[in-house]
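Each remark here refers to the structure printed beneath this line.
Naming: A, B, ... by sequence-line order, numbering from 1 per chain. All values derive from a computational prediction rather than experimental measurement.
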Amino acid sequence: MAATLVSIGAEVRAPHRRPPRERRPGVATAPPAAENGPVSDLHEPILRWYDDHARELPWRGESASAWSVMVSEFMLQQTPVARVLPVHEQWLATWPTPADLAAEPAGEAVRAWGRLGYPRRALRLHAAATAIVAQHDGVVPADYDELVALPGVGDYTAAAIASFAYGRRHVVLDTNVRRVLARAVGGVEFPAPAVTRAERDVATGLLPEEDATAATWAVAVMELGALVCVATNPRCEACPLADACAWRAAGHPAYDGPPRKVQAWAGTDRQCRGRLLAVLRESDGPVHRSRLDAVWADEAQRLRSLAGLVTDGLVVPGDGETYALP
DNA sequence: AATCCGTGGCT
DNA sequence: TAGCCAAGGAT
């Protein structure tokens, strides 16, 4: 992947993204709180823990480009790290820059997406790459407002790219961070179904003042949520916040909020769409509709799902008898 | 604000 | 086993 760096020379490296092996003695990433933002019982333990336990992920390395970070953020939307790793590696090898991807038909992005799920993320990533070429000289923007204007980039992803790729100071509020703060600060097992004002205020209040420290704080809290303060069976015995956690102090009270929705799967349009798209993904060119008929028996649902895929731009109808990726 | 959108591993 | 869950976004 080193060869991919040539084209991203203009991008700024985030100072916190250094190899863990270069760890210095002490807590290099935790400056004195009094000089660097909010004083809390959480900062030093989390920053120290991250310094010792952060995973070495491809999009975190010193040599990772902002594009690599951006691709990872798209792929990680609702998809576990373990399944993203191989696809991300292949993706960056094939399309080292936004311009490389933008030069391809969108269907190639959908094909390369494979079985990561939610294939419209691939479509949006392709559209975002196209916009970056057209509007930002092919360079992933560092500015939140420019990022959030890109297809498929919402509040979380914009903040994550600005923070992780460029070391900027942003509240990065994902499901992991929300869970950590709900427990450590709020004293409850799970956050509300949607982000609340109070929740964002807490996260804002905890954000270190200095850019680089804020960026490290953001990724560190997220990592803690991903590895220790997990949704089920949290590893409290290994948590650096054990002594400061409000939820633990309260005796781990059970969740008593509104029921958390679980998506149905078997027999849904989403399953049908997945079957249909898999046929197209695994075929080189257009496929006859009989090939699609074969993978879903319920005709009404099959036609409805296919029409939805066409509406979404994931499938392009041919002469009336065939369908293909865009 | 509630719903829709894929997939697969884990308990 | 059948939920439960995973670095959300768009409408």
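A/Arg200 and A/Asp155 are joined by a salt bridge, as a carboxylate oxygen and a charged side-chain nitrogen come within less than 4.0 angstrom of each other.
Taking the six-membered ring wherever Trp is involved, the centroid distance between the rings of A/Trp95 and A/Trp67 does not fall below 6.0 Å.
We find that CG of A/Leu125 is positioned 13 Å from P of C/dA10, with the value rounded to whole Å. For A/Arg260 and B/dA2, the CZ to P distance is 16 Å, given to the nearest whole Å. In this structure, CD of A/Glu223 is placed 10 Å from C1' of C/dA7, rounded to the nearest angstrom. Put simply, CG on A/Leu147 is 17 Å from P on C/dG8, counting in whole angstrom units. Going from atom CD of A/Glu73 over to atom P of C/dG9 covers 9 Å, rounded to whole Å. Rounded to a whole Å, the CZ atom of A/Arg178 is 12 Å from the P atom of C/dA7. Rounded to a whole Å, the CG atom of A/Leu173 is 11 Å from the P atom of C/dG8.
Inspection of the A/Arg121 and A/Gln78 side chains reveals no N or O donor paired with an N or O acceptor under 3.5 Å. Side-chain polar atoms of A/Asp201 and A/Thr204 form no donor-acceptor pair below 3.5 angstrom. Donor-acceptor pairing under 3.5 Å is recorded for the side chains of A/His88 and A/Ser68.
Contact annotation for A/Ser72: no contact, since no heavy-atom pair falls under 4.0 Å across all strands. Residue A/Val172 is classed as having no contact, given no heavy-atom separation below 4.0 Å to the nucleic acid. Note on A/Leu123: nothing from the nucleic acid sits closer than 4.0 angstrom, heavy atoms only. Here A/Ala160 lies out of heavy-atom contact (under 4.0 Å) with every strand.
The phosphate of C/dG9 has neither OP1 nor OP2 within less than 4.0 Å of any side-chain N or O from A/Arg124.
Spacing of C1' atoms, B/dG8 relative to C/dT1, comes out at 16 Å, to the nearest Å. For the P atom pair drawn from C/dA7 and B/dC4, the interatomic distance equals 23 Å after rounding to whole Å.
A/Arg260 forms a cation-pi arrangement with A/Phe190, by the criterion of a distance under 6.0 Å to the ring centre and an angle within 45° of the ring axis.
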Letter by letter from the 5' end, nucleotides 5-11 of chain B scores (B base, S sugar-phosphate only, - none; protein heavy atoms under 4.0 Å) BBBS---
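For A/Phe190, counting side-chain heavy atoms from C-beta on, the closest listed nucleotide (C/dC5, C/dA6, C/dA10) is C/dC5.
When each of A/Leu150 and A/Asp174 is assigned the nucleotide of DNA chain C bearing its nearest heavy atom, the one mapping closer to the 5' terminus is A/Asp174.
Other residues, nucleotides and ligands contribute over 12 non-hydrogen atoms within 6.0 Å of the CG atom of A/Asp298.
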